[in-house]
2 protein chains.
Amino acid sequence: MRLSDAIEQFIKTMLVEEAQEIELKRNELAEYFGCAPSQINYVLSTRFTPDHGYIIESRRGGGGCIRIFRMEQSSANQLLYMMNQRIGESIDEHSAGHLIVQLLERGYVTKDEARLMQSAISPQALSLPVTTEMKDALRAKILRSMLLEVARKDKNS
Amino acid sequence: MRLSDAIEQFIKTMLVEEAQEIELKRNELAEYFGCAPSQINYVLSTRFTPDHGYIIESRRGGGGCIRIFRMEQSSANQLLYMMNQRIGESIDEHSAGHLIVQLLERGYVTKDEARLMQSAISPQALSLPVTTEMKDALRAKILRSMLLEVARKDKNS
DNA sequence: CTTTCATTGGTCAAAGATGGTCTAACCATC
DNA sequence: GATGGTTAGACCATCTTTGACCAATGAAAG
């Protein structure tokens with residue numbers, strides 16, 4: 001298994017078992033996994049971004065540490081509203097994928113629904129002879145349209 | 001026997017004995033057969049396409065790999081395949097909607113899934129400054145992509 | 001107080017590890 | 001020998017891991 005995945009799992013397990021907020025020492029964690037400290041930053045920046053539903057805080061110096069928060073929504077509508085904002089007029093494939101995974105993790109869509117959404121904005125679906133910018137803009141529209149549908153469903157249930 | 005056929009057989013044997021889903025390393029497999037890594041891609045692209053009933057996923061970089069999913073040859077998928085043919089390179093909104101309703105009525109997708117699909121190819125989702133022909137072509141791609149996902153869901157959950 | 005220094009974490013670029021694409025040469029079949 | 005599938009190889013794209021160097025913080029020393 002990839003080191004990054006192991007570290008990601010480790011942190012996520014802590015987040016589930018401990019609380020919605022954990023605190024860790026970068027160097028200790030790096031030593032635990034026998035890797036370079038910057039590896040921790042790599043994992044955080046690729047798997048614990050706001051798009052993934054996390055917030056990171058840190059402090060340097062003696063007694064410094066890294067804090068990770070799982071973002072909490074007061075309501076489904078709030079999350080969907082924020083995602084709508086996040087999508088904006090343009091969104092790349094990876095970011096869009098992260099948002100969809102969040103919808104799944106938070107239980108707003110089923111696994112099959114998440115896969116359908118992914119497939120609708122996949123490279124194959126959007127394989128057009130246009131610029132990346134145009135594809136990102138189109139992806140934003142499609143995703144927003146689907147997000148609206150998710151919101152509608154949520155209301156009726 | 002041709003190299004390509006040998007590799008094809010090897011993979012198919014794995015898929016039968018192991019499971020409906022296997023994971024392999026391109027370089028390892030190439031080394032095993034003493035051939036160029038790109039040969040693996042050749043085999044995959046000529047013998048493991050969706051039309052052949054397979055779906056390929058892959059990931060680059062350290063720890064990267066290729067995953068192959070086998071779709072069952074069911075009557076349901078026969079129909080999905082026909083629908084795929086029906087879609088072709090272009091489909092108008094009305095026909096697409098009709099097709100999705102069919103999927104729902106035949107029980108291949110849930111009501112929510114059908115709605116998601118509709119929303120992904122709705123006029124809002126495809127509100128672009130292009131000709132109707134281009135939209136129909138794009139709609140076909142999106143719909144085909146989602147249809148493939150429906151076919152896959154049928155057994156690989 | 002200010003300076004210094006040990007202790008943390010952050011950034012960035014290079015190297016490493018995979019897989020993808022494209023094309024020319026090869027080969028088999030007709 | 002014309003055609004079309006096969007194979008190898010050069011070059012590309014992406015993801016991971018490490019390491020050198022930078023920045024911030026707090027405590028100890030002056």
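Letters go in sequence order (proteins before strands), and every chain restarts at 1. Quick note: numbers below take in every heavy atom, side chains included, and nothing from hydrogens, waters or symmetry partners.
To the nearest angstrom, C1' of dT11(C) lies 15 Å from CD1 of Ile40(A). The distance from atom CD of Gln39(B) to atom P of dA25(C) is 18 Å, rounded to the nearest whole Å. Distance CZ (Phe33(A)) to P (dT18(D)): 12 Å, rounded to an integer number of Å. Distance CG (Asn41(B)) to P (dG9(D)): 15 Å, rounded to an integer number of Å. Protein atom CD of Glu57(B) is 14 Å distant from nucleotide atom P of dC15(D), rounded to whole Å. Separating the CE atom of Met1(A) from the C1' atom of dT16(D) is a distance of 14 Å, rounded to the nearest angstrom. The distance from atom CG of Leu24(B) to atom C1' of dG19(C) is 11 Å, rounded to the nearest whole Å. For the pair Glu8(A) CD and dC15(D) P, the computed distance is 14 Å after rounding to whole Å.
By the 4.5 Å heavy-atom criterion applied to side chains, Asp136(A) and Arg139(A) are counted as neighbours. Using a 4.5 Å cut-off on side-chain heavy atoms (C-beta onward), Lys12(A) and Tyr54(A) make contact.
Donor-acceptor pairing under 3.5 Å, judged by distance alone, is absent between the side chain of Ser58(B) and the base of dG19(C). Between the side chain of Arg60(A) and the base of dG10(C), no donor-acceptor pair of N or O atoms lies under 3.5 Å. At a cut-off of 3.5 angstrom, counting only N and O atoms as typed in the model, there is no donor on one side facing an acceptor on the other between the side-chain of Arg59(A) and the base of dG9(C).
Heavy atoms of Gly64(A) sit under 4.0 angstrom from primed sugar atoms or phosphate atoms, though from no base atom. Heavy atoms of Arg47(B) sit under 4.0 angstrom from primed sugar atoms or phosphate atoms, though from no base atom. In this structure, Asn27(A) reaches the sugar-phosphate backbone alone: every heavy-atom distance under 4.0 Å involves primed, P, OP1 or OP2 atoms, never a base. Ile66(A) comes within 4.0 angstrom of the backbone, heavy atoms only, and of no base.
Under 4.0 angstrom from either OP1 or OP2 of dG9(C) there lies no side-chain N or O belonging to Lys25(A). Under 4.0 angstrom from either OP1 or OP2 of dC15(D) there lies at least one side-chain N or O belonging to His94(A).
With no hydrogens or angles considered, a side-chain donor-acceptor pair links Thr49(B) and His52(B) at under 3.5 Å.
Judged by distance alone, with hydrogens and angles left aside, the side-chain atoms of Arg70(B) form no donor-acceptor pair with the main-chain N or O of Gly53(B) at under 3.5 Å. Arg47(A) places no side-chain N or O within 3.5 Å of a backbone atom of Glu8(A) that could act as its donor or acceptor partner.
In terms of position on DNA chain D, the residue among Tyr42(A) and Gly62(A) whose nearest nucleotide sits closer to the 5' end is Tyr42(A). The nearest heavy atom of DNA chain D to Cys35(A) and to Val43(B) marks one nucleotide each, and the one closer to the 5' end goes with Val43(B). Of the residues near DNA chain C, Ser38(B) and Arg2(B), the one whose nearest nucleotide (by heavy atom distance) lies more toward the 5' end is Ser38(B).
Candidate nucleotides dT11(C), dG9(D), dG19(C) were compared by shortest atom distance to the side chain of Arg26(B), and dG19(C) ranks first.
Under the 30°/60° scheme for interplanar angles, the aromatic rings of Phe10(A) and Phe33(A) are found to stand perpendicular.
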